[in-house]
Amino acid sequence: MSNVISCDICVIGGGSGGLSVAAGASQMGADVVLVEKGKMGGDCLNYGCVPSKALLGAGHAAQHVREAAKFGIDADLKGIDHKAVHDHVHDIIAGIEPHDSVERFEGLGVKVIQEAARFVGPQEIEVGDQRICAKRFVISTGSRARIPAVDGLDEVDYFTNANLFDMQEKPDHLLVLGGGPIGMEMAQAHRQLGCDVTLLDRSSIMPKDDAELVDIVRRNLVQEGVDIKENISVEKVRKEGDNIILTTDQGEVTGTHLLVAAGRQVNVDGLNLEAANVAYDDKGIRVDARLRTSNKKIFAIGDVAGGFQFTHKAGYDAGIVIRNALFRMPAKADYKALPWVTYTAPELATVGLDEEAARKAHGEIRIMRWPFSENDRARAERKTEGLIKVVTNKKGLILGASIVGPSAGELIQVWVLAISQKMKIGAMASMIAPYPTLSEVSKRAAGSFYTPSLFSEKTKKIVRFLLRFG
Ligand SMILES: Cc1cc2nc3c(=O)[nH]c(=O)nc-3n(C[C@H](O)[C@H](O)[C@H](O)COP(=O)(O)OP(=O)(O)OC[C@H]3O[C@@H](n4cnc5c(N)ncnc54)[C@H](O)[C@@H]3O)c2cc1C
Ligand SMILES: NC(=O)c1ccc[n+]([C@@H]2O[C@H](COP(=O)([O-])OP(=O)(O)OC[C@H]3O[C@@H](n4cnc5c(N)ncnc54)[C@H](O)[C@@H]3O)[C@@H](O)[C@H]2O)c1
């Protein structure tokens with residue numbers, strides 16, 4: 001060992017969670033070392049959120065041209081240059097990269113080491129030929145695609161999110177294994193970019209979202225030409241010439257390229273967690289509400305800690321760790337108001353409890369819905385498909401909201417605030433929403449909580465009685 005570095009906080013993994021801890025802790029005066037074995041920015045910047053949204057952006061642009069005639073505009077989609085789409089995606093990554101770069105973090109005072117980390121003791125890691133001793137460690141090593149055990153899969157070239165965005169040519173017929181957010185977003189992006197797409201899921205698509213709203217996303221993708229096969233079991237994969245053939249319990253399905261998007265596996269291998277007494281299982285590193293592992297000097301955050309796997313969750317975890325590790329505050333993670341969005345068109349956004357979970361937890365509940373077809377802005381933009389669905393307890397305490405429709409990811413924000421602040425539905429109903437905006441759907445859904453009592457026989461009697469007095 002050439003040298004031993006001592007520091008206050010050592011962060012392992014420079015993705016969404018790790019970078020937030022490193023930047024925050026360093027700017028608050030801690031001595032921070034960040035160890036990253038791959039690209040700074042992790043999955044989100046390089047192989048996840050950013051490239052997937054950039055690819056969807058390209059797909060949506062093509063779709064706008066196809067649908068321009070609805071607005072009286074005569075436009076022709078002359079072609080799609082897949083190499084140029086690839087370059088667009090990488091240009092977007094390059095634009096964000098400086099924010100996550102080694103240079104920026106070193107400028108903030110963080111010591112960045114670009115190697116793989118491995119525990120050699122409860123408070124010590126080995127990185128290349130160096131050892132790092134830290135008062136606190138934060139493990140934020142993320143996750144990778146889980147490869148299902150399907151006969152023959154290891155003998156064909158398949159894509160995962162790690163190499164999909166390197167593709168420069170058009171996949172003529174993309175087979176997508178898995179209908180979670182990755183599968184759905186990538187199926188739509190490729191379809192809109194002119195590829196044939198078949199998506200296969202062993203259960204129903206988007207199983208973590210409200211089935212009533214998922215139905216609308218499904219209908220849109222199918223209308224655009226994505227072939228969705230649900231409750232199908234893929235038993236074998238083989239290559240024949242340029243084709244990839246899936247043998248399923250419902251016959252053979254043929255395509256030219258295959259994307260595996262069948263869930264995630266946490267990155268713990270190689271960390272030698274046993275040496276640090278950090279307990280884990282295949283769902284992730286076990287943490288308590290303060291995000292401490294079984295070794296109280298070591299925290300785990302983001303995807304590797306299991307549960308919700310989103311960039312904003314990793315960022316939220318980072319804040320909890322900073323409060324615990326730097327300020328010695330017993331801050332606890334609370335994911336009650338954690339939203340998630342699938343960025344298909346239409347988008348599907350959710351926060352809080354869905355109908356089923358709310359009924360289980362609260363017994364009697366109220367459900368309010370408002371369709372985008374009743375919203376003037378949605379009509380003007382010809383994006384009327386979708387609805388908002390809100391769940392409250394019988395007294396009007398907001399428990400959950402889901403939106404499927406245009407800009408659902410933006411519209412959910414107000415409901416995130418409502419749930420985190422334990423607001424009642426009256427607050428949303430009495431809010432003044434600018435006209436004409438999509439966000440009026442939130443106010444209208446909330447207002448409908450009062451419709452049965454407001455327009456009842458009892459109200460009519462009271463009004464008639466009061467009117468007698470002039
Ligand atoms: C295709 C796709 C699209 C997505 N879209 C969205 C989205 O729209 N919105 C959203 O909120 N989330 C999205 N996600 C999820 C999001 O990317 C993750 O939740 C987020 O990146 C998790 O952050 P993290 O810090 O836990 O891990 P990561 O960002 O993955 O970072 C982990 C880092 O640790 C490094 N590492 C691993 N092991 C070691 C080791 N032993 N030593 C040193 N370094 C190590 C890795 O190289 C990596 O850089 C998407 C994911 C994918 C795959
Ligand atoms: N918009 C976003 O925020 C966004 C986008 C992409 C990914 N992510 C994050 O990444 C995570 C992983 O995404 P994902 O879509 O890979 O996983 P997922 O676990 O959400 O969905 C996987 C899907 O694959 C299906 N599946 C599993 N094994 C299968 C098999 N052998 N054959 C056919 N289908 C199979 C499952 O039934 C499920 O529907 C998400 O849960 C989310 O946390 C978020």
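One-based numbering, in listed order, for ligands and for the atoms of each. Residue numbers run from 1 in the order of the sequence given.
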Asks: Who's the nearest protein heavy-atom neighbour of atom 13 (C) of ligand 1, and how far?
Replies: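 Here the closest protein heavy atom is Cys49 SG, 3.3 Å.
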
Asks: With the threshold set at under 4.0 angstrom, would you say Tyr343 reaches ligand 2 through any of its heavy atoms?
Replies: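 Checking ligand 2 against Tyr343, which is what was asked, there is a heavy-atom contact under 4.0 Å.
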
Asks: How far is atom 53 (C) of ligand 1 from its nearest protein heavy atom, and which residue and atom is that?
Replies: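 Protein heavy atom at minimum distance: Asn161 ND2, 3.3 Å.
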
Asks: How far is atom 33 (C) of ligand 2 from the closest protein heavy atom, and which atom is that?
Replies: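 Result: Arg202 N, 3.3 Å.
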
Asks: Could you find the nearest protein heavy atom to atom 15 (O) of ligand 2 and give me its residue, atom name and distance?
Replies: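 The protein heavy atom lying closest is Ile182 N, 3.1 Å.
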
Asks: Pick one of side chain, backbone, both or neither for how Leu19 approaches ligand 1, counting any non-hydrogen atom pair under 4.0 Å.
Replies: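 Within the 4.0 Å criterion, Leu19 makes no contact with ligand 1.
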
Asks: Gly270 near ligand 1, heavy-atom distance under 4.0 Å?
Replies: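 Checking ligand 1 against Gly270, which is what was asked, there is no heavy-atom contact under 4.0 Å.
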
Asks: Of Ser143, Gly179, Gly180, which has the heavy atom at the shortest distance from atom 21 (O) of ligand 2?
Replies: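 Shortest heavy-atom distance from atom 21 (O) of ligand 2: Gly180.
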
Asks: For ligand 1, is Lys53 a contact, meaning one of its heavy atoms is under 4.0 Å away?
Replies: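 It does, in that a heavy atom of Lys53 comes within the 4.0 Å cut-off of ligand 1.
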
Asks: What's the shortest distance from atom 37 (O) of ligand 2 to any protein heavy atom, and which residue and atom give it?
Replies: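 Result: Asp201 OD1, 2.7 Å.
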
Asks: Atom 43 (O) of ligand 2: which protein heavy atom is closest, and how many Å away?
Replies: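 Protein heavy atom with the smallest distance to atom 43 (O) of ligand 2: Gln309 O, 2.5 Å.
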
Asks: Checking a contact table here: which protein heavy atom is nearest atom 43 (C) of ligand 1, and how many Å away?
Replies: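 It is Lys37 N, 3.5 Å.
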
Asks: Taking 4.0 angstrom as the limit, do Arg264 and Asp43 come out as a salt bridge?
Replies: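 Yes, charged N to carboxylate O under 4.0 Å.
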
Asks: With nothing but distance in play, are any N or O atoms of Asp43 less than 3.5 Å from an N or O of ligand 1?
Replies: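 The answer is yes, given that Asp43 and ligand 1 share an N or O pair closer than 3.5 Å.
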
Asks: I need the nearest protein heavy-atom contact for atom 16 (O) of ligand 2: residue, atom name and distance, please.
Replies: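 Result: Gly263 N, 3.1 Å.
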
Asks: Please confirm whether Phe310 comes within less than 3.5 Å of ligand 2 when only nitrogen or oxygen atoms on both sides are compared.
Replies: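 N/O-N/O distance below 3.5 Å does not exist for this pair.
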
Asks: Please classify the Tyr47 to ligand 1 contact at 4.0 Å (heavy-atom distances, strictly less than): side chain, backbone, both or neither.
Replies: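 For Tyr47, only backbone atoms sit under 4.0 Å from ligand 1.
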
Asks: Considering both backbone and side-chain atoms of Thr342, is one of its nitrogen or oxygen atoms within less than 3.5 Å of a nitrogen or oxygen in ligand 2?
Replies: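 Among all N and O atoms of Thr342, none is under 3.5 Å from an N or O of ligand 2.
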
Asks: Between Ser294 and Ala279, is there a donor-acceptor pair closer than 3.5 Å when you use the side chain of the first and the backbone of the second?
Replies: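 Present.
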
Asks: Quick check: does Ile232 get an N/O under 3.5 Å from an N/O on ligand 2?
Replies: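 Between Ile232 and ligand 2, no N or O pair is found under 3.5 Å apart.
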
Asks: Any idea which protein heavy atom is nearest atom 4 (C) of ligand 2, and the distance to it?
Replies: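 Ranking protein heavy atoms by distance from atom 4 (C) of ligand 2, first comes Pro181 CB, 3.8 Å.
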
Asks: Using distance alone, decide if ligand 1 has a nitrogen or oxygen within less than 3.5 Å of any nitrogen or oxygen in Phe310.
Replies: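 Between Phe310 and ligand 1 (N or O atoms, distance only) the closest approach is under 3.5 Å.
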
Asks: If you have a sec, work out which protein heavy atom is nearest atom 31 (N) of ligand 2 and how many Å separate them, to one decimal?
Replies: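 Result for atom 31 (N) of ligand 2: Pro148 CB, 3.6 Å.
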
Asks: Which protein heavy atom lies closest to atom 34 (O) of ligand 1, and at what distance to 0.1 Å?
Replies: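 The answer is Gly13 CA, 3.2 Å.
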
Asks: Is any N or O atom of Lys208, backbone or side chain, closer than 3.5 Å to an N or O atom of ligand 2?
Replies: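 Among all N and O atoms of Lys208, at least one is under 3.5 Å from an N or O of ligand 2.
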
Asks: Which of the numbered atoms in ligand 1 are below 4.0 angstrom from a heavy atom of Ala117?
Replies: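 The list of qualifying atoms is 40 (C), 41 (N), 42 (N), 43 (C).
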
Asks: Check each heavy atom of Lys39 against ligand 1 and say whether those closer than 4.0 Å belong to the side chain, the backbone, both or neither.
Replies: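 Backbone only.
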
Asks: Answer yes when Asp281 and Arg286 have at least one side-chain N-carboxylate O distance shorter than 4.0 Å, and no when they do not.
Replies: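 Looking at Asp281 and Arg286, the cut-off is met.
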
Asks: Would Ser203 count as being in polar contact with ligand 2, using the rule that some N or O on each side must be under 3.5 angstrom apart?
Replies: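 Looking only at distances, the answer is yes, because the N/O contact criterion of under 3.5 Å is met.
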
Asks: Using a 3.5 Å cut-off on N or O atoms only, is Arg146 in polar contact with ligand 2?
Replies: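 Between Arg146 and ligand 2, an N or O pair is found under 3.5 Å apart.
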
Asks: What residue and heavy atom of the protein are closest to atom 12 (C) of ligand 2, and at what distance?
Replies: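 For this ligand atom, the closest protein heavy atom is Arg264 CG, 3.3 Å.
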
Asks: For Met40, state whether at least one heavy atom is located under 4.0 Å from any atom of ligand 1.
Replies: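 Per 4.0 Å heavy-atom rule, Met40 does not contact ligand 1.
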
Asks: Provide, to 0.1 Å, the distance between atom 22 (C) of ligand 1 and the closest protein heavy atom, together with that atom's residue and name.
Replies: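 Its nearest protein heavy-atom neighbour is Asp303 OD1, 3.3 Å.
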
Asks: Under a 4.0 Å threshold between the charged nitrogen and the carboxylate oxygen, would Lys389 count as salt-bridged to Glu212?
Replies: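 A salt bridge is present here (some side-chain N lies under 4.0 Å from a carboxylate O).
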
